[in-house]
There are 2 protein chains.
Amino acid sequence: MNAKAEKSGYHHGNLKSALIAAADAIILEKGIEGFSLREAARRAGVSIGAPAHHFGSAKGLLTEVALLGYGSLGDYLNAVTESDDPARDLRELARAYVAFALAHPGRFRLMFRPDLVDRDDPRYSAASSKALSGFAQAIGRRAGAGEDRMADLFSVWSSIHGMANLILDGKAKYLFDGADPQRFSDEILPGLLERAWPYGKG
Amino acid sequence: MNAKAEKSGYHHGNLKSALIAAADAIILEKGIEGFSLREAARRAGVSIGAPAHHFGSAKGLLTEVALLGYGSLGDYLNAVTESDDPARDLRELARAYVAFALAHPGRFRLMFRPDLVDRDDPRYSAASSKALSGFAQAIGRRAGAGEDRMADLFSVWSSIHGMANLILDGKAKYLFDGADPQRFSDEILPGLLERAWPYGKG
DNA sequence: ACCTCAATCTGAGCACTGTATAGATACCAA
DNA sequence: TTGGTATCTATACAGTGCTCAGATTGAGGT
């Protein structure tokens, strides 16, 4: 009845979003390396060749999932309410960034895999900068804002992104001898932020 | 004649290291995603099933390449001579780290891919900590060394590692609007390091 | 109501991939 | 010389992404 019926026989009716959802689910369950276009098609109850028409290639489908991922990251970051203390905001944003990476490792990894995502898709850079806009604003609002805010943003992003990656890749666990990720982001991370950024102090 | 002959017919004589070299070469040419166990076997002039005996699986072979990678990273970092200014040393080490990542992106990416490398191999953590020992020492030597040096190391490593990853994944190019990597590491990076670390000042 | 047309999906096929296993080969030690 | 064993080959299996001719269907125009 609906214009986007669940499944009406030969024509799926909602294949595109069904495939995106299936891909996202696979990545959630098995990680990026466990993804396959064929299994996404299988889960959507459709033949092997069907996805090609909507996405061109596996990269096309994964690009859509990555866009969802940036949206999801944006949700995490937007949940940080803006205060009159930009340094605090920055710290909370950082925690949210790492929390997202730990909660959605598959999405997070996909979002930064240039071989799996079409970086030339204009929506990609748009989604990326939109998700990070909170960081950019907090940096702009902080006391004694530097002249080169792009460099500041990149510096902050590097620290946070590096932490997230090292934790996900098991390097933190190795350095701190098996501290579990949750305790890590709650207790160790804030201390690291103090250490890593001059801004952390005020 | 040599115990490790070049190629003596049925028995290769030097297959293990030949396969490692072939894999490293493939990764150099086509990146991690371009690697295949079969092509490594082909380049070594050997049948498809031969590598299994030496490495068990593709992961086993890639683990050896990753170990080489850590050795190579160690070479970059060890080329930084120790001075009486730990802050300068730290900065130079950071530049060397990023320089390695840009010069050997395939190796660098492989080294941090838990799905492609056997993290349980004791040589892996050994190679990792050996390569990073320069960082650890510089941090230990700096004036006003903190109580939690592991956290300091992790903080520094995060910043540098994040920068390297963001640059490799094309995020820096996007932020700085197409600055080429060389200019980036020469001009922009030092400024970022100043920003990222309190230690940078002395 | 019909009828064309384009969008959608199927099914088979191609060229790959990693892994497992049975058997051939050749070195090495007794 | 003779086992024995490490090494390597050949083949097969299950899986992958992608392509393309053809079947199917819903929608828009007459």
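Keep in mind it's a predicted model, so treat the numbers as computed, not measured. The sequence lines fix the lettering, A, B, ..., with proteins before strands; numbering per chain opens at 1.
Taking the six-membered ring wherever Trp is involved, the centroid distance between the rings of A:His161 and A:Phe108 falls below 6.0 Å.
Listed nucleotides: C:dG18, D:dG17, C:dC9. Nearest to the side chain of A:Ala50: C:dC9. Nearest to the side-chain atoms of A:Arg38 among the listed nucleotides C:dG18, D:dG17, D:dT9 stands D:dG17. Of the candidate nucleotides C:dT19, D:dC8, C:dT10, C:dT19 has the atom nearest to the side chain of B:Ser57. Residue B:Ala58 has its side chain nearest to C:dT19 when only D:dT9, C:dT8, C:dT19 are considered.
With DNA chain D read from its 5' end, the first of the two nearest nucleotides for B:Ile48 and B:Leu15 is the one closest to B:Leu15. When each of A:Gly49 and A:Ser36 is assigned the nucleotide of DNA chain D bearing its nearest heavy atom, the one mapping closer to the 5' terminus is A:Ser36.
Atom C1' of nucleotide D:dT5 and atom NE2 of B:His54 are separated by 14 Å, given to the nearest angstrom. Distance, B:Leu61 CG to C:dT19 P: 10 Å, rounded to whole Å. Atom-to-atom, CG of A:Asp115 to C1' of D:dG17 comes out at 14 Å; the value is rounded to the nearest Å. Rounded to whole Å, atom C1' of D:dG17 lies 14 Å from atom CD of B:Glu33. D:dG15 atom P lies 17 Å from atom CZ of A:Phe35, rounded to whole Å. The distance from atom CG of B:Leu37 to atom P of D:dC8 is 14 Å, rounded to the nearest whole Å. Rounding to whole angstrom units, CD of residue B:Glu39 and P of C:dT17 are separated by 7 Å. Between the NZ atom of B:Lys16 and the P atom of D:dC8 there is a distance of 12 Å, rounded to whole Å.
With respect to the salt-bridge test (charged N to carboxylate O, under 4.0 angstrom), the residues A:Arg141 and A:Asp89 qualify. A salt bridge is defined here as a Lys NZ or Arg NE, NH1 or NH2 lying under 4.0 Å from an Asp or Glu carboxylate O, and B:Glu33 with A:Lys59 fails to meet this definition. B:Asp169 has a carboxylate O that lies under 4.0 Å from a charged side-chain N of B:Arg109, or vice versa, which qualifies the two as a salt bridge. The pair A:Arg88-A:Glu82 does not meet the salt-bridge criterion, since no charged nitrogen lies less than 4.0 angstrom from a carboxylate oxygen.
For C:dT8, the OP1/OP2 oxygens have a side-chain nitrogen or oxygen of A:His53 closer than 4.0 Å. Note on B:Arg42: a side-chain N or O is less than 4.0 Å away from OP1 or OP2 of C:dT17.
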